[in-house]
2 protein chains.
Amino acid sequence: MSFMKFSKTTEYAFRILSFMAQDETKLYNVDEIFEKLRVPYRYLRKLMTNLTRSGFIVSIQGKNGGYKISRKTEEIRLLEILQAVDPEYLSGKCFFGFDNCALQVPCIMHDQWTIVRTNINNILAGTSLADVKQTKND
Amino acid sequence: MSFMKFSKTTEYAFRILSFMAQDETKLYNVDEIFEKLRVPYRYLRKLMTNLTRSGFIVSIQGKNGGYKISRKTEEIRLLEILQAVDPEYLSGKCFFGFDNCALQVPCIMHDQWTIVRTNINNILAGTSLADVKQTKND
DNA sequence: CATAAATGACACCTTGAGGTATTATATAAT
DNA sequence: ATTATATAATACCTCAAGGTGTCATTTATG
């Protein structure tokens, strides 16, 4: 595990939703997304179902079916996606991983580390799919 | 895997070396460190050997043996420890995990993300074992 | 209605991080 | 020299993330 790197699943979710945000009315099918993003095909299928369950996209089944973004792209923040895909996101509180940190006495890195995490949180909360939809995707 | 959290091994390394930095001349044995830090015993044994190979501590074998910090605690930076324990640390370049990011065109989060990572790097490079040796350790 | 083209469900495989068990080796003290 | 007490080496176990394979279900359309 390398520090400061999102999980593969998180990266995939960011890529998929950013791509689909390019046309928020369009119905995308899996093959089309696969062609563009090269996420492993069957894993992509599974992820699409998960993102549907999480409410970021809606799925239309049957022939000519597919997926589309469920809400205005300005309203979907990267932080919300991260939290849905990596539910433990908030668990990394202490720099040293101490369970009791900050209950009474904080560790010596506590304040400095809190600032960093707040900073990152602000970036993720301040960035919507509308902001990233024009990113390159390779 | 939760984002913004060091690996267990990294956390353990930080804890062990911070603790041992409290007395940089003392020879600590594994049981003593185990009593204080509660890192799983046999994993701790393995880690001590790795930290010895990495050069942060020196080991004295045989009866009355143990480990002690190998250099001045002001000279050992947290960044150096992280790099030794998590060699892939520098590999997390692109926010979206794109391999080709920034080769020609960077992703849309690239600059913002570089600033965050530089900030963290500066913290880790600017903090030595001497700075953290007084931290609580539970 | 039958078929083709799409998603859904579910079971299984693989790999690396974290953790455990056992035996070997080094050395101080008697 | 022998013994007790340290670390070193090596092989194995476990579990969750990431990835794969197969079959079921839904629905537009001829």
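Every chain is numbered from 1, with letters handed out A, B, ... down the list of sequences. As the structure is a prediction and not an experimental result, all values here were calculated from the model.
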task: Walk me through it: do B:Asn137 and B:Thr135 pass the test side chain to side chain donor-acceptor pair (under 3.5 Å)?
output: CA-CA 6 Å; B:Asn137 38 218; B:Thr135 197; over 6 Å; no
task: Write down the distance between CZ (A:Arg38) and P (D:dG19), rounded to a whole number of angstrom.
output: 14 Å
query: Are any non-hydrogen side-chain atoms of A:Ile81 and A:Leu129 less than 4.5 angstrom apart?
result: yes
query: Does a side-chain N or O from B:Arg42 land closer than 4.0 Å to OP1 or OP2 of C:dG19, or not?
result: no
- prompt: For the side chain of A:Arg15 and the backbone of B:Gly97, is there at least one donor-acceptor N/O pair under 3.5 Å apart?
  reply: yes
Extract from the structure each pairing of a protein N or O with an N or O of nucleotides 5-7 of chain C at less than 3.5 Å, listing the distance.
residue: C:dT7; atom: OP1; partner: A:Val30; partner atom: N; Å: 3.1

- prompt: Where along residues 9-24 of chain A does a heavy atom come under 4.0 Å from DNA chain D, residue by residue in number order?
  reply: A:Thr9, A:Tyr12
message: Is the distance from the ring center of A:Trp113 to that of B:Phe6 below 6.0 Å?
response: yes
field: Length of the line joining B:Leu51:CG and D:dA8:C1', which is rounded to integer Å
entry: 14 Å
- prompt: Ignoring hydrogens and geometry, is there a side-chain-to-backbone donor-acceptor pair from A:Lys36 to A:Phe19 under 3.5 Å?
  reply: no
message: Donor-acceptor pair, distance only, cut-off 3.5 Å: does the side chain of B:Asn122 make one with the backbone of B:Asn119?
response: no
query: Rounded to the nearest Å, what distance is computed from the OH atom of residue A:Tyr43 to the C1' atom of nucleotide C:dT14?
result: 13 Å
- line: Given the options A:Tyr28, A:Tyr41, A:Tyr43, A:Tyr12, A:Phe34 meets ring-ring contact (aromatic ring centres under 6.0 Å, His included) only with A:Tyr41
task: Using atom NZ of B:Lys8 as one end and atom P of D:dA16 as the other, report the distance to the nearest whole Å.
output: 14 Å
Run the side-chain donor-acceptor check on residues 44-57 of chain A: report pairs under 3.5 Å with partners two or more places apart or on a different chain.
residue: A:Thr49; atom: OG1; partner: A:Arg45; partner atom: O; Å: 3.2
residue: A:Thr52; atom: OG1; partner: A:Met48; partner atom: O; Å: 2.8
residue: A:Ser54; atom: OG; partner: A:Asn50; partner atom: O; Å: 3.0

message: So if I take every side-chain heavy atom of B:Lys46 and compare against D:dG19, D:dA9, C:dT20, which nucleotide ends up nearest?
response: C:dT20
Backbone N/O of B:Phe3 and side chain of A:Asp86: donor-acceptor pair under 3.5 Å: yes
- prompt: Atom CZ of A:Phe6 and atom P of D:dG18: how far apart are they, to the nearest Å?
  reply: 13 Å
field: Protein-nucleotide distance (A:Lys5, atom NZ; D:dG18, atom P), rounded to Å
entry: 11 Å
task: Whole angstrom is fine here: how far is it from CG in A:Asn50 over to P in D:dG18?
output: 12 Å
statement: Whole-Å distance, A:Leu47 CG to D:dT20 C1', equals 14 Å
